[in-house]
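The block underneath contains the structure these notes are about, expressed in structure tokens.
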Number of protein chains: 2
Amino acid sequence: MDSPQLKLSNQICFPLYSVSRLITKAYKPYLDEMGLTYPQYLVLMVLWENDGLTVNQISEKLLLNTNTLSPLLKRMEKMEILKRNRSSEDERSVIVQITEKGKQLKTLAMPIPENLIKTLLTENISMENVIQLKDMLNEWIKILTDKDN
Amino acid sequence: MDSPQLKLSNQICFPLYSVSRLITKAYKPYLDEMGLTYPQYLVLMVLWENDGLTVNQISEKLLLNTNTLSPLLKRMEKMEILKRNRSSEDERSVIVQITEKGKQLKTLAMPIPENLIKTLLTENISMENVIQLKDMLNEWIKILTDKDN
DNA sequence: TGCAATTATATCGTGCACGATGCAAATGTA
DNA sequence: TACATTTGCATCGTGCACGATATAATTGCA
């Protein structure tokens, strides 16, 4: 049985999985300076944009469940990047607030996106191509998160 | 400071990271039937295509280092999906060979790719679009693996 | 009101990823 | 031929991901 559909080179998920890992690795030197991991950086981007969200609201934005987020936020609290407090309105909810230290990391993060995108633009790949790719990925996110529910 | 470049919606890595995870999750029902994880499935795809490779050769194909692969292969050997033996030519190398059980899993895997691609094709996303996306990802893999060395 | 169902978060166990380190075999070179 | 260097693999520690499960607060409804 030849089955070309099972060849690695014909897969779509494998390049997605690899590029995701490789780009995360490309972030590493910048994130190391900030003492952050990539998922921690994602949490900070959410909080920089919108502070004081609940764990659940962060979960929805990052598409990560609380079994991933809770320990992650716990570590970040220990690092004094954010604080977690029970909501007084709904004692089940935990409100996450960024600290001064967390806010200051934003300055260090400012140049990261431009540096990263420079790496990804080539003779064959324009900014337009990247936008197009992002649109496709966002449509897939819509499809694949709908399926879950 | 407004810094739109730090908004989650303007990132390219975040949708890559999310889609990679979500597609892996879409594989899960199929892989569960086979008792495999996604990385284990990747190893099998390599071996189905080319049996008897060394750990290093698998490492190059999957872009995973031995610190990830060694434990993964060890688990797969325990599951009796493959065997690991020192090469007699070069005692440093370990040659990985698929077992009968591993070969038989291929039959179960055959329909997976088509089922997966059905999920990913929509009104707005054609097979052509997917191919184009894959080409972009492969170019990025080239760039980002060159950078490493 | 009473109580089952739902919701929000946390914990546990397992399996990746990956940087750092170790070790033995092979290679290169003085 | 000695021996430093390189190569191939493995192990360790840490931090995700994620399914399963637990717990407490809230909600819904008979």
Does [X] reach the side chain of [Y], with side-chain heavy atoms less than 4.5 Å apart?
| X | Y | value |
| --- | --- | --- |
| A:Ile125 | A:Leu120 | no |
| A:Met79 | A:Gln40 | yes |
| A:Ile117 | A:Met127 | yes |
| A:Thr119 | B:Leu144 | yes |

[X], nearest nucleotide to its side chain (from [options]):
| X | options | value |
| --- | --- | --- |
| B:Arg92 | D:dT11, D:dG8, D:dA10 | D:dG8 |
| B:Lys25 | D:dT6, D:dC9, D:dG19 | D:dG19 |
| A:Tyr17 | C:dT11, D:dA10, C:dA17 | C:dA17 |

In whole angstroms, how far is the [atom2] atom of [N] from the [atom1] atom of [X]?
| X | N | atom1 | atom2 | answer |
| --- | --- | --- | --- | --- |
| B:Leu31 | C:dG15 | CG | P | 15 Å |
| B:Glu89 | D:dT7 | CD | P | 19 Å |
| A:Arg75 | C:dT11 | CZ | P | 12 Å |
| B:Gln40 | C:dT14 | CD | C1' | 11 Å |
| A:Ile95 | C:dA10 | CD1 | P | 12 Å |
| A:Lys74 | D:dC16 | NZ | P | 13 Å |
| B:Leu144 | C:dA17 | CG | P | 17 Å |

Exercise. Does A:Leu69 or B:Asp90 map to a spot on DNA chain C nearer the 5' end, using the closest nucleotide for each?
Worked result: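 In this pair, the answer is A:Leu69.
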Given [N], is OP1 or OP2 found less than 4.0 Å from the side-chain N or O atoms of [X]?
| X | N | value |
| --- | --- | --- |
| A:Lys28 | C:dC18 | no |
| A:Arg84 | C:dT9 | no |
| B:Arg86 | C:dA25 | no |

NA contact type, [X], heavy-atom cut-off 4.0 Å: base, sugar-phosphate, or nothing?
| X | value |
| --- | --- |
| B:Leu72 | sugar-phosphate |
| A:Thr37 | sugar-phosphate |
| A:Asn67 | base |

Seminar exercise, completed: Between B:Leu69 and the options B:Val96, B:Asn56, B:Leu64, the side chain to side chain contact (heavy atoms under 4.5 Å, CB included) test singles out B:Leu64
Exercise. Relative to each other, are the rings of A:Tyr27 and A:Tyr38 parallel, tilted or perpendicular (30° and 60° limits)?
Worked result: tilted
Problem set entry | Polar side chain donor-acceptor pair, A:Thr68 to A:Asn65, under 3.5 angstrom |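 Short answer, no.
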Exercise. In terms of the nearest nucleotide of DNA chain D, which residue is placed more toward the 5' end: A:Thr68 or A:Glu91?
Worked result: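 This one resolves to A:Thr68.
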Problem set entry | 5' precedence on DNA chain D between B:Leu73 and B:Arg21 (nearest-nucleotide basis) |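 Closer to the 5' end of DNA chain D: B:Leu73.
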Problem set entry | Backbone N/O of B:Glu80 and side chain of B:Thr99: donor-acceptor pair under 3.5 Å |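 Yes, because the side chain of B:Thr99 sits within donor-acceptor range (under 3.5 Å) of the backbone of B:Glu80.
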Exercise. Among residues 41-66 of chain B, which contact DNA chain C at a heavy-atom distance under 4.0 Å?
Worked result: none
